[in-house]
Chemist: 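Have a look at the structure that comes next, please.
Values below: every heavy atom of this structure, side chains too, minus hydrogens, waters and symmetry copies. Counting begins at 1 with the first residue of the sequence. Being a predicted model, the structure only gives us computed values, none of them experimental.
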Amino acid sequence: MFRIFDYNKAVAFYIDWLGFEIIDKHSYGDNFPLYIQIRKGEIEIHLTEHHGDCSPGAKIMIENVDNLMDYHQALSKKDYKYNKPGIEQDPWNKDMQYIEVIDPFGNVIVFRGI
């Protein structure tokens, strides 16, 4: 679960750029925090504006991402203004590479694959 602070920034990052889709969204009203559940393939992430749910700055690793190079090229073509990740070599496994992205709220996602 990741803490977020702004719905529009979250959508621009997770939906428009990374290619997730919203599968659930809930709030008790305009002056209440929002909870969003997103998915990309088999990956699901929970995003929340609720103060007590989690702290900003969390990090997750998504393992065994198929076609990491193709995903990187797709992200690069979208030209997201605030994030220009490269593909890095995994120091523990020379056959593995990764892409690290940081969301607008300081949360980190590491996509690892071949």
Chemist: Flag yes if Leu75 and Tyr98 sit in one hydrophobic cluster, no otherwise; membership is Ile, Leu, Val, Met, Phe, Trp, Tyr, and two members link when side-chain heavy atoms are under 4.5 Å apart.
Modeler: no

Chemist: Please answer whether the main-chain N or O of Lys78 pairs with a side-chain N or O of Trp17 as donor and acceptor at a distance below 3.5 Å.
Modeler: no

Chemist: So which of Glu88, Gln97, Met61 actually passes side chain to side chain contact (heavy atoms under 4.5 Å, CB included) with Arg112?
Modeler: Met61

Chemist: Would you call Asn67 and Met69 a side-chain contact if the rule is heavy atoms closer than 4.5 Å?
Modeler: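 The answer is no; the side chains never approach within 4.5 Å.
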
Chemist: Checking Asn83 side chain against Ile102 main chain: does a donor-acceptor pair fall under 3.5 Å?
Modeler: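 It does hold such a pair.
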
Chemist: Quick one: which of Ile36, Asn107, Val11, Ile22 gives a side chain to side chain contact (heavy atoms under 4.5 Å, CB included) with Leu47?
Modeler: Ile36

Chemist: In plain terms, say whether Asp103 and Lys9 are close enough for a salt bridge, that is, a side-chain N and a carboxylate O under 4.0 Å apart.
Modeler: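 Not counted as a salt bridge, because no side-chain N and carboxylate O are separated by less than 4.0 Å.
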
Chemist: Taking all heavy atoms of Ala10 and all of Phe105, pick out the closest pair and write down the distance.
Modeler: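 Reported closest heavy-atom pair: N-CZ, 3.9 Å.
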
Chemist: For the residue pair Ile114 and Leu68, establish whether any side-chain heavy-atom pair is separated by less than 4.5 Å.
Modeler: no

Chemist: For the atom pair CD1 (Ile45) and OH (Tyr14), what is the distance rounded to the nearest 0.5 Å?
Modeler: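 Between Ile45 CD1 and Tyr14 OH, I get 5.5 Å after rounding to 0.5 Å.
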
Chemist: Should the heavy atoms of other residues, nucleotides or ligands under 6.0 Å from OH of Tyr82 be counted, would the total exceed 12?
Modeler: no

Chemist: Are His46 and Tyr35 an aromatic pair, judged by ring center distance below 6.0 Å?
Modeler: yes

Chemist: Please say yes or no: joined through hydrophobic side-chain contacts below 4.5 Å, possibly via intermediate residues, are Tyr80 and Tyr7 part of one cluster?
Modeler: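 Shared cluster, yes.
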
Chemist: Compare every heavy atom of Ser27 with every heavy atom of Phe32, then report the nearest pair and how far apart it is.
Modeler: O-OG, 3.2 Å

Chemist: Report yes if some heavy atom in the side chain of Thr48 is under 4.5 Å from a heavy atom in the side chain of Pro33; otherwise report no.
Modeler: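 With C-beta onward as the side chain, the pair stays apart.
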
Chemist: Atom NE2 of His72 and atom CG of Asp70: how far apart are they, to the nearest 0.5 Å?
Modeler: 11.5 Å

Chemist: Please report the closest heavy-atom contact between Arg3 and Cys54, naming both atoms and the distance.
Modeler: N-SG, 3.4 Å

Chemist: With a 4.5 Å cut-off on side-chain heavy-atom distances among I, L, V, M, F, W and Y, is there a chain of contacts connecting Val101 to Met1?
Modeler: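 No; Met1 is not reachable from Val101 via cluster members.
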
Chemist: Would you confirm whether the ring centroid of Tyr71 sits within less than 6.0 angstrom of the ring centroid of Phe111?
Modeler: yes

Chemist: Give me each pair satisfying salt bridge (charged side-chain N to carboxylate O under 4.0 Å, His left out) with a member in residues 46-59, each pair once, sequence neighbours excluded.
Modeler: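 For residues 46-59, and leaving out neighbouring residues, the salt bridge (charged side-chain N to carboxylate O under 4.0 Å, His left out) pairs sorted by first residue read Lys59-Glu100.
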
Chemist: Could you give the distance from CD1 (Ile43) to CD1 (Ile38), rounded to the nearest 0.5 Å?
Modeler: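 Between atom CD1 of Ile43 and atom CD1 of Ile38 there are 9.5 Å.
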
Chemist: Quick one about Gln37 and Glu44 (side-chain donor to acceptor, distance below 3.5 Å, no hydrogens or angles considered), yes or no?
Modeler: yes

Chemist: With hydrophobic residues grouped by side-chain heavy-atom distances under 4.5 Å, do Val108 and Leu18 end up in a single group?
Modeler: no

Chemist: For atom CD1 of Ile60, is the number of surrounding heavy atoms from other residues, nucleotides or ligands below 6.0 Å larger than 12?
Modeler: yes

Chemist: Would you say Leu34 and Ile4 are hydrophobically clustered, going by side-chain heavy atoms of ILVMFWY under 4.5 Å?
Modeler: yes

Chemist: Would one find more than 12 heavy atoms of other residues, nucleotides or ligands at under 6.0 Å from atom NZ of Lys84?
Modeler: yes

